[in-house]
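Here is the structure we will look at.
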Amino acid sequence: MLDPQLFRSDLESVQVELKRRGIDFDAKSYTSLEERRKSVQVKTQELQNERNLRSKSIGQAKAKGEDVQPLLDQVQGLGEQLKAAETELSSIQGEMKALMEGLPNILDADVPAGNDEEDNVEISRWGDIPQFDFAVKDHVDLGALNQGMDFEVAAKITSARFVALKGSIARLQRAITQFMLDTHTDVHEYSETYVPYIVNADSLYGTGQLPKFADDLFKINANSDLYLIPTAEVPVTNIVRNEIVDAKDMPLKMVAHTPCFRSEAGAYGRDVRGLIRQHQFEKVELVQIVKATESEQAHEALTQHAENILQKLKLPYRKVLLCAGDTGFSSTKTYDLEVWLPAQETYREISSCSNFKDFQARRLKARWRNPETGKPELVHTINGSGLAVGRTLVAILENYQTESGDIKIPDVLQAYMGGLEKISIV
RNA sequence: GGAGAGGUGGCUGAGUGGCCGAAAGCGGCGGUCUUGAAAACCGUUGAAGGUUUAUCCCUUCCAAGAGUUCGAAUCUCUUCCUCUCCGCCA
């Protein structure tokens, strides 16, 4: 949610900023709605004030034992007037809220113009692209070779876009997860956090998935308002919903490993093969809750923390700054980390690190108390994948394959694999 | 799952229709005293919004939502949550 004060003080710049997102904001109808809001709110509050004063005088008269009937006659009709005004006000406020929550965050000044991923800007590259003197296999074929990755059996158990992992591949996924968690807690000083995998609608509203993106979510059943989490961002960020965080506890740095569930109706047709786009996948998520003055710096740091994982795994990657059209609804600025996949001969997204500034915090009512003013201020929220575990598994299988079909185990993971140096396919 | 008791400010806790945004205590902040600190004493201390923007003033908020009433923290209904006992269970 954007700051309503900004709309009142500088509507023109809001219009200009939203234009960068390709949104033609109708300032005229907003202004007329806002004027109605103002006049109806003032009128409602005046009526409430009158009711309060008259009720008080009735109480005082009664206490003195006076006849209150004349006073009661005077307030006749006031209740209905008030009710009508309150109803009108809440309907205007509802309209206003619907308008506001449909608007995306304002983009950071250095987000490049553009419509889609074609216009994203590469910031840096890391690592040497591996050269193979044999025909490389993709992760689906590699997984099939040692029967560690089974899409057919998952389709039987559930449906398409699920996977079953077995044996050393399943263990490798667990090793990747453990390595990421240990690095983020021990080296990057995040606090390990365990959260529910099912959240309520209020939480999804707080981080911005609802009301706009309900189609991407798995709802538990028709009668409840509970959903499977699409990312750990939702439960972890909602820890601070309706809270005023102590200054001494800032910044909050949390890391959580969870499965993620995405329905993504309409996403079929792309990445149908393999592990890249699944309804259920594992992810290690980094979340920071920071002061407004520190968020840009924290965003850079968090992105570096995700990069460190790729570097320790010696996986070549590049860092891109998303353009206006590709930046998510709630984000002001997003870096994607894209890992090299030899079979596709391309970089594919493996992490997305975003600074939401106060956009989520305003919805969440997440604040901290500034000791300088003594007043609560909205926090800034930042999160990023550190990393998507399934896609990391894909990247390791493909980048560490050998001609014989063995998969070498990256150095940093060997301890988590019982000292194993490679996975044999036979 | 069954039975019962509850949800009040940062915390503990009083308040069963009007003088209650809410006693008291703790904590926090400011001050007096002290070389300094502690203790003691005095004062102060919720959030959101409207209007003004220098104050003032006004509205809303006692788990959430609806209702009764001139008037609701207080009465009624619904939902959520917590605790105790029983049952079941990793």
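Per chain, numbering begins at 1; letters A, B, ... match sequence-line order.
Partners of A/N242 according to the side-chain contact (heavy atoms from CB on, under 4.5 Å) rule, which considers only residues two or more places apart in sequence or in another chain, are A/K365. Every residue meeting the salt bridge (Lys or Arg N to Asp or Glu O under 4.0 Å) condition with A/E50, not counting sequence neighbours, appears here in chain and number order: A/R54. Partners of A/Q45 by side-chain contact (heavy atoms from CB on, under 4.5 Å), not counting sequence neighbours, listed by chain and number: A/Q41, A/Q48. Applying the ring pair (Phe, Tyr, Trp, His ring centres under 6.0 Å) test to A/H305 and every residue at least two apart in sequence or in another chain returns A/H188, A/Y190. Remark: A/Y30 pairs with A/F7, A/F25 by the ring pair (Phe, Tyr, Trp, His ring centres under 6.0 Å) rule, at least two apart or across chains.
Between the P atom of B/G49 and the CE atom of A/M1 lies a distance of 12 Å, rounded to the nearest Å. Note: NZ (A/K375) to C1' (B/A48) measures 11 Å, nearest angstrom. Atom CG of A/N200 and atom C1' of B/C81 are 12 Å apart (whole Å). Spacing between atom NZ of A/K97 and atom C1' of B/A48 amounts to 15 Å, rounded to whole angstrom units. Between A/L364 atom CG and B/A48 atom C1' the separation is 16 Å, expressed in whole Å. Whole-Å rounding puts the A/N370 CG to B/C29 C1' distance at 15 Å. A/N242 has its CG atom 12 Å from the P atom of B/G10, to the nearest Å. The distance from atom CD of A/E243 to atom P of B/G46 is 19 Å, rounded to the nearest whole Å.
Both distances falling under 3.5 Å, in either a Watson-Crick or a G-U wobble arrangement, occur for no nucleotide opposite B/C33. The partner of B/A14, taking Watson-Crick or G-U wobble pairs whose two distances both stay under 3.5 Å, does not exist in any strand shown. The pairing partner recorded for B/G6 is B/C81, the criterion being a Watson-Crick or G-U wobble arrangement whose two distances lie under 3.5 angstrom. Applying the Watson-Crick and G-U wobble criteria (two distances, each under 3.5 Å), B/G27 pairs with B/U45. Of the nucleotides present, none pairs with B/G21 by Watson-Crick or G-U wobble criteria with both distances under 3.5 Å. Across every strand in view, B/G1 sits in a pair with B/C86 that passes the Watson-Crick or G-U test at under 3.5 angstrom.
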Item to check | Nucleotide-resolved protein contact map, nucleotides 57-77 of chain B, B/S/- at heavy-atom distance under 4.0 Å | outcome: -BSS-------S-BS------
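In terms of phosphate contacts, A/R369 brings no side-chain nitrogen or oxygen within less than 4.0 Å of OP1 or OP2 of B/G28. Distances shown here put a side-chain N or O of A/R367 below 4.0 Å from the OP1 or OP2 atom of B/A48. OP1 and OP2 of B/G50 both lie 4.0 Å or more from every side-chain N or O belonging to A/K38.
Of the two residues near RNA chain B, A/I244 and A/V42, the one whose nearest nucleotide lies more 5' is A/I244.
Comparing B/G49 with B/C41, their C1' atoms are spaced 39 Å from each other, to the whole Å. Comparing the P positions of B/G2 and B/G50 gives an interatomic distance of 46 Å, to the nearest angstrom. When the P atom is used for both B/A24 and B/U44, the distance is 11 Å, rounded to whole Å. Going from the C1' atom of B/C70 to that of B/C11 covers 37 Å, rounded to whole Å. Comparing B/G9 with B/U74, their P atoms sit 14 Å apart, to the nearest whole Å. A distance of about 34 Å separates the C1' atoms of B/A73 and B/C86, rounded to the whole Å. The separation of B/A37 from B/A48, taken at their P atoms, amounts to 34 Å, rounded to a whole angstrom. A distance of about 24 Å separates the C1' atoms of B/G30 and B/A22, rounded to the whole Å.
Across all strands, A/R362 comes closer than 4.0 Å to no nucleic acid atom at all (heavy-atom distances).
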Next on the checklist: Under the criterion side-chain contact (heavy atoms from CB on, under 4.5 Å), I'd like the reasoning laid out for A/M417 against A/L172: C-alpha separation, chi angles, the key distance, then a yes or no.
Outcome noted: CA-CA 7 Å; A/M417 294 289 287; A/L172 182 56; 4.1 Å; yes
Next on the checklist: Evaluate A/Q209 against A/D216 for side-chain contact (heavy atoms from CB on, under 4.5 Å), listing each step before the verdict.
Outcome noted: CA-CA 9 Å; A/Q209 283 79 15; A/D216 294 344; over 6 Å; no
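For A/Q41, whose side chain is taken as the heavy atoms from C-beta onward, the closest listed nucleotide among B/G50, B/A47, B/U51 is B/G50.
A cation-pi geometry, defined here as NZ or CZ lying under 6.0 Å from the six-membered ring centre and within 45° of its normal, holds between A/R363 and A/Y205.
A donor and an acceptor atom, one from each side chain of A/T207 and A/E233, are nowhere located under 3.5 Å apart.
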